[in-house]
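Have a look at the structure below, then the notes.
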Amino acid sequence: MMRQINSLFIFSWLLFFSVHSFAAEINAKLDWSDLRRLGTTVSGKVTQVNVRPGVVVEKDTVLVELDQRFFKVNQERTRAERRAALLQLEEALREQDRAIELYDRTVISDYERQQADIQLSAARAKYAHAQAEYERAKLEQEYSLIVSPYDAVIISVDTAIGEVVVNENESRVLVEVARADQMLSLAEVSSEQVAGVNVDDEIEVAFRGKWQDGQVDSITPLKPGADQKYLLSVRFAVSPEAAARSGESSAIRLPD
């Protein structure tokens, strides 16, 4: 009986060794995944700031809102101009049909026939311009709202209600966000450690004392030369409720 127990122990030890002898564990730190710096391409007065750093929001949540009155008025104006241009285009089409009929009956001259074509071309151009202005007004209204591109944790907010945002030359960053359901585990590794590792390879990551599956996100060279170092980034899923934070300790399990 004792011999069987010893044999079972030796078998278990060999099995453990065979599994873990091919893996090397390296210390790592957590970092935000898919960090984005959000701003707006239009100018206006901030009337709503709906988030604070540290909160978690769902995708398409409005984070910051500019005064909507200007954008709504602009849409109404361009919509009315588009409607007027459409009526003029329809009238020009009717006039062209009438001119063709009269020209075929030799009632009007070539000049009068050409004038109908010119008026129709002008009406079409005016309607196209009005349509473009209306679409532009809709886009400006859309851009006046900063929304979350995914389920996100708010990293920073750099604006406040009442501030006037001017974006004539470049868009200013108002909110920083990162994915709430994903983190990165970062480690500095040698060329030997990263040999045979490729982007999108599956690699285990330690998060708060538990190992879980991850995928290699990037392998970035750090120091050129003989002692080449790389920054290995592994992405892995987390629960938004876990409230993971950049800078937390982690580990990556690499194949030897």
Side-chain angles (χ1 to χ4, degrees), residues 30-90 92 122-184 217-218 233 235 237-247:
L30 295 190
D31 198 3
W32 304 115
S33 177
D34 199 4
L35 184 67
R36 299 193 189 182
R37 297 170 174 84
L38 307 179
T40 172
T41 58
V42 297
S43 301
K45 184 178 181 180
V46 177
T47 55
Q48 293 290 333
V49 179
N50 301 319
V51 291
R52 292 173 294 169
V55 303
V56 175
V57 298
E58 295 181 351
K59 180 181 178 181
D60 295 329
T61 298
V62 176
L63 310 179
V64 176
E65 180 177 321
L66 301 184
D67 192 342
Q68 295 298 293
R69 290 173 296 179
F70 167 79
F71 301 101
K72 290 179 179 178
V73 167
N74 200 32
Q75 276 197 63
E76 290 300 321
R77 177 184 61 80
T78 54
R79 183 184 290 111
E81 291 174 351
R82 183 187 63 166
R83 177 59 181 168
L86 177 61
L87 293 176
Q88 292 177 8
L89 175 58
E90 291 172 346
R124 281 175 171 159
K126 186 174 182 179
Y127 176 73
H129 176 74
Q131 177 67 28
E133 287 296 303
Y134 175 64
E135 293 298 331
R136 178 180 178 179
K138 289 199 300 181
L139 282 176
E140 288 180 343
Q141 193 276 332
E142 179 182 335
Y143 295 157
S144 69
L145 304 174
I146 299 178
V147 301
S148 177
Y150 41 58
D151 292 347
V153 56
I154 306 302
I155 308 302
S156 67
V157 178
D158 187 22
T159 190
I161 293 175
E163 180 180 7
V164 176
V165 178
V166 179
N167 289 312
E168 293 182 355
N169 298 320
E170 62 181 18
S171 176
R172 199 190 91 195
V173 175
L174 301 180
V175 184
E176 277 189 301
V177 301
R179 295 192 71 95
D181 59 352
Q182 192 178 95
M183 292 293 288
L184 298 178
D217 187 72
S218 62
S233 173
R235 64 181 181 270
V238 296
S239 170
E241 290 75 20
R245 293 289 182 264
S246 175

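We number each residue from 1, following the sequence as shown.
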Point-to-point distance, once rounded to the nearest 0.5 Å, from [atom1] of [X] to [atom2] of [Y]:
X: Leu66; Y: Lys45; atom1: CG; atom2: NZ; value: 11.5 Å
X: Arg179; Y: Leu184; atom1: CZ; atom2: CG; value: 10.5 Å
X: Leu139; Y: Gln75; atom1: CG; atom2: CD; value: 9.5 Å
X: Arg69; Y: Thr47; atom1: CZ; atom2: OG1; value: 8.5 Å
X: Asp217; Y: Met183; atom1: CG; atom2: CE; value: 12.5 Å

Any non-hydrogen side-chain atom of [X] less than 4.5 Å from a side-chain atom of [Y]?
X: Gln141; Y: Gln68; answer: yes
X: Tyr150; Y: Arg36; answer: yes
X: Ser156; Y: Val173; answer: no
X: Arg245; Y: Leu30; answer: no

Side-chain donor-acceptor contact under 3.5 Å, Ser148 with Glu58: no
Asn167 and Ser43: side chain donor to acceptor below 3.5 Å: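 Side-chain D/A pair, Asn167 to Ser43: absent.
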Minimum heavy-atom separation for [X] and [Y], please, with both atom names.
X: Pro53; Y: Ile155; result: CB-O, 3.6 Å
X: Thr78; Y: Glu133; result: CG2-O, 3.8 Å
X: Val177; Y: Ala152; result: CB-CB, 4.0 Å
X: Thr40; Y: Ser171; result: O-OG, 2.9 Å
X: Glu65; Y: Leu145; result: CG-CD2, 3.2 Å
X: Ala178; Y: Leu35; result: CB-CD1, 4.2 Å

Salt bridge present between Arg77 and Glu81 (N-O < 4.0 angstrom):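 Yes.
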Val157, Leu174, Val57, Asn50 screened by side chain to side chain contact (heavy atoms under 4.5 Å, CB included) with Leu63, the one that passes: Val57
Arg52 vs Ile154, side-chain contact (heavy atoms from CB on, under 4.5 Å): CA-CA, chis, key distance, verdict: CA-CA 7 Å; Arg52 292 173 294 169; Ile154 306 302; over 6 Å; no
Arg172 side chain to Asp158 backbone, donor-acceptor under 3.5 Å: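 At least one qualifying donor-acceptor pair exists.
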Expected output: side-chain Asp151 to main-chain Lys59 donor-acceptor under 3.5 Å: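 Yes; at least one donor-acceptor contact below 3.5 Å.
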Evaluation steps, side-chain contact (heavy atoms from CB on, under 4.5 Å), between Lys138 and Phe71: CA-CA 8 Å; Lys138 289 199 300 181; Phe71 301 101; over 6 Å; no
Verdict with reasoning, Arg136 to Glu140, per salt bridge (Lys or Arg N to Asp or Glu O under 4.0 Å): CA-CA 6 Å; Arg136 178 180 178 179; Glu140 288 180 343; 3.5 Å; yes
